[in-house]
Amino acid sequence: MCGRFTLTVARIEAVAEAFDAALDPADAAGYRPRYNVAPGDQHWIVRLAAGGRARTLGLAGWGLVNHWAPDAARAFQQINARAETLAQRRAYREALKSRRCVVPTDGFYEWYGPPGARRPMWLRARAGGLLALAGLYEHWTNPKTGEVRTTFTIVTTPPNALVAPIHDRMPAVLAEAEIEPWLAKGDRRVLHAAPDDALVATRVSRRVNSARNDDPSLLEPEREEDAGGQQRLFGGS
DNA sequence: CCAGACGTTGTT
DNA sequence: GTCTGG
DNA sequence: CCAGACGTTGTT
DNA sequence: GTCTGG
């Protein structure tokens, strides 16, 4: 699945340029690199402007709250949406029809191993740089305060050959040519596992476990001898 | 008809 | 065990 | 995803 | 809002 990720670029303007999106200047003012984005956090999404073809880059909360929800309690149970069932699920069907987004990131974490000894891996693009994750978003008005929140969920697929030994799900990573079909038409054919050679995996520290930790040292590769005797899933790396 | 759910993951 | 918060 | 709380009353 | 279950 996808329960934590990173966006470590120095300038959010570079993300706007890469995705050909207009940057919300109010949101951009508070930008900082993130090494441990967790459910419930504010993060960046690229979406089409209302009725148009222009893309915007702005902040939204991770964990989809449907516009009809009485409260935001279910947000944490809607951080991911299975690609296979998007069109059937009541919570996602409407958003699939009209509110797709792309979630910019430069890596995501997956945990593996036995209960109580699970270890995080950081997966990133083999050549480095940005990844485009497929997502859905929605607006929700808090009935108590009248405040409008925008929230999103990340689509998941079965794993590719790299991720399969670690986990049975992974986020839907869009190739550059798949971004527009996803945003404009919700073309579900783009929701497939990333090519087997698209990503590389690094074992990282269990300090990632706590969402309070959010600094560059989280991405430092952890050596085998620091790994506490876990089995070697990645002998060559 | 009204009431109640609407989700994913991991673990057992 | 289960829910909330980060 | 994992970590941490899970409660009320009265007093400051 | 919309669907399923009773």
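Each chain gets a letter, A, B and so on, in the order its sequence line appears, and its residues count up from 1. Reckoned from all heavy atoms, side chains included, excluding hydrogens, waters and symmetry mates.
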What is the separation between atom CZ on A:Phe152 and atom P on B:dT8, rounded to the nearest whole Å?
16 Å

How many whole angstroms separate atom CG of A:Asp71 from atom C1' of B:dA5?
13 Å

Given E:dG1, B:dT9, D:dC2, which nucleotide is nearest the side-chain atoms of A:Thr156?
B:dT9

Would you indicate which nucleotide in B:dT8, B:dT12, D:dC1 comes nearest to any side-chain atom of A:Pro115?
B:dT12

Between A:Arg124 and A:Asp106 (salt bridge meaning N to carboxylate O under 4.0 Å), is one present in this structure?
no

Whole-Å distance, A:Arg169 CZ to D:dC1 P, equals 12 Å

Reckon A:Ser210 has a side-chain N or O less than 4.0 Å from the OP1 or OP2 of D:dG4?
no

Given A:Val15, A:Val9, A:Leu131, the one that forms side-chain contact (heavy atoms from CB on, under 4.5 Å) with A:Pro104
A:Val15

Sequence neighbours left out, cut at 3.5 Å: what donor-acceptor pairs do the side chains of residues 17-27 of chain A make with other protein atoms?
from, atom 1, to, atom 2, distance (Å)
A:Asp24, OD1, A:Ala26, N, 2.9
A:Asp24, OD1, A:Asp27, N, 3.3
A:Asp27, OD2, A:Leu59, N, 2.8

Once you round it to whole Å, what is the distance between P of C:dG5 and CZ of A:Arg74?
16 Å

Please state whether the rings of A:Tyr109 and A:Trp111 are parallel, tilted or perpendicular, taking 30° and 60° as the class boundaries.
tilted

Sole candidate of A:Ile166, A:Leu162, A:Val208 that passes side-chain contact (heavy atoms from CB on, under 4.5 Å) when paired with A:Met121:
A:Ile166

A:Asp41 near the nucleic acid: base, sugar-phosphate alone, or nothing, with a heavy-atom cut-off under 4.0 Å?
nothing

Between D:dC2, E:dG1, B:dT8, which nucleotide has the shortest distance from any of its atoms to the side chain of A:Arg82?
B:dT8

Can you find a side chain N or O atom of A:Asn66 that sits less than 4.0 Å from OP1 or OP2 on B:dC6?
no

For the side chain of A:Arg212, counting heavy atoms from C-beta on, which of D:dG4, E:dC3, D:dC2 is nearest?
D:dG4

What does D:dG7 pair with, Watson-Crick or G-U, if both distances are under 3.5 Å?
none

Would you kindly give the CG-to-P distance between A:Asp214 and D:dC1, to the nearest whole Å?
19 Å

Distance check, P atoms only: D:dG7 and C:dT2, in whole angstrom units.
15 Å

In whole angstroms, how far is the P atom of B:dC6 from the CG atom of A:Leu136?
18 Å

Quote, to the nearest angstrom, the P distance that separates C:dG6 from B:dA3.
36 Å

Looking at A:Arg169 and A:Glu84, does any basic side-chain N land under 4.0 Å from a carboxylate oxygen?
yes

State which of B:dT8, C:dG6, B:dC6 makes the closest approach to the side chain of A:Phe76.
C:dG6

Give the rounded distance in Å between these two atoms: CG of A:Leu218 and P of D:dC1.
19 Å

May A:Tyr92 be described as stacking on the base of B:dC6, applying a 5.5 Å centroid limit and a 30° limit on plane angle?
no

B:dT8 and D:dG4, which share atom name P, separated by this distance in whole Å
28 Å

Nearest to the side chain of A:Asn80, heavy atoms from C-beta on, is which of D:dC1, B:dT9, B:dC6?
B:dT9

Where the side chain of A:Asn209 is concerned, which of B:dC6, D:dC2, C:dG6 is the nearest nucleotide?
D:dC2

Can you check the distance between B:dT9 and D:dC2, where both ends of the measurement are the C1' atom (answer in whole Å)?
12 Å

Rounded to whole angstroms, how far apart are OH on A:Tyr109 and C1' on D:dC1?
11 Å

Once you apply a heavy-atom cut-off of 4.0 Å, does A:Arg4 come out as touching a base, just sugar-phosphate, or nothing?
base

What is the pairing partner of E:dG6, taking Watson-Crick or G-U wobble pairs with both distances under 3.5 Å in any strand?
B:dC1

